[in-house]
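We name chains A, B, ... by the order of the sequence lines, and we start the count at 1 in each one. Reckoned from all heavy atoms, side chains included, excluding hydrogens, waters and symmetry mates.
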Amino acid sequence: MKWDPATAPDLSVVERVVHREPTRMPYIPGLLSFREIPAALGAFEKLSVMPELVMVDGQGIAHPRRLGVAAHLGLWLDLPTIGIAKSRLYGQHAEVGEQRGDWVPLYAGPETIGAVLRSRAKVKPVYVSPGHRITLETSMAWVMRCLGRTKLPEPTRLADRLASRRDQRK
DNA sequence: GCGACAG
DNA sequence: ATCTTGTCGC
């Protein structure tokens, strides 16, 4: 079935898996995907249900080479992906409004590579950028649709929490 | 040469 | 990312 931000019924969790493996590379700005993707692919191999859309903790095309971790992972998986980063890596933008939902474009010269979204009042905005096989408009619609009362959309927030040490219930 | 720099 | 301190909301 082909879902739509407006008709998606709920945000219920379908499946959860955790995959860990040693890092092979240090963190180098601009090369994050080479450090994170090997483990990410391992996690996807453990899934019994393949997602139809993936939200990644990092940049999509808002990257010097337009290949942030979300864009890069989307290519490997051949799935639509959206990058939602907690801070800026690349691009310029104006000040964002202070109201929840306010946003401004993120530019790389004349090109729009993403959006800076105030996902929650009084909190630093998030950087949303298309990853693979999706437009910025659709990316924004899904991110807004998945926002709870927190800064990060539920998929990213829950995944991050699941990976943390204090959520290793069985 | 200097500063910036996802997680 | 990780660490630490203080504050806020349910």
Is there a path of hydrophobic side-chain contacts, each under 4.5 Å between heavy atoms of I, L, V, M, F, W or Y residues, that connects A:Val126 with A:Leu136? yes

DNA chain B contacts made by residues 73-84 of chain A, counting heavy atoms under 4.0 Å: none

Residues of residues 91-114 of chain A with any non-hydrogen atom less than 4.0 angstrom from an atom of DNA chain B: list those, numerically ordered, please. none

Check: A:Pro38 and A:Arg24 side chains under 4.5 Å, non-hydrogen atoms: yes

Any side-chain heavy atom of A:Met140 sitting closer than 4.5 Å to one from A:Leu117? yes

Using whole Å, what does the distance between atom C1' of nucleotide C:dG9 and atom NZ of A:Lys122 come to? 12 Å

Which of the following nucleotides, [options], is nearest to the side chain of [X]?
{"X": "A:Leu32", "options": "C:dC10, B:dG7, B:dC5", "answer": "B:dG7"}
{"X": "A:Arg88", "options": "C:dA1, B:dA4, C:dC10", "answer": "B:dA4"}
{"X": "A:Arg149", "options": "B:dA6, C:dC10, C:dA1", "answer": "C:dC10"}

Check the phosphate of [N] against [X], side-chain N and O only, distance under 4.0 Å to OP1 or OP2. Yes or no?
{"X": "A:Tyr27", "N": "B:dA6", "result": "yes"}
{"X": "A:Lys86", "N": "B:dG7", "result": "yes"}
{"X": "A:Ser33", "N": "B:dA6", "result": "no"}

Under 3.5 Å, side chain of A:Glu154 to main-chain N/O of A:Ser12, donor-acceptor pair present? no

Could you check, using the six-membered ring where one of them is a Trp, whether A:Phe44 and A:His19 have ring centers closer than 6.0 angstrom? no

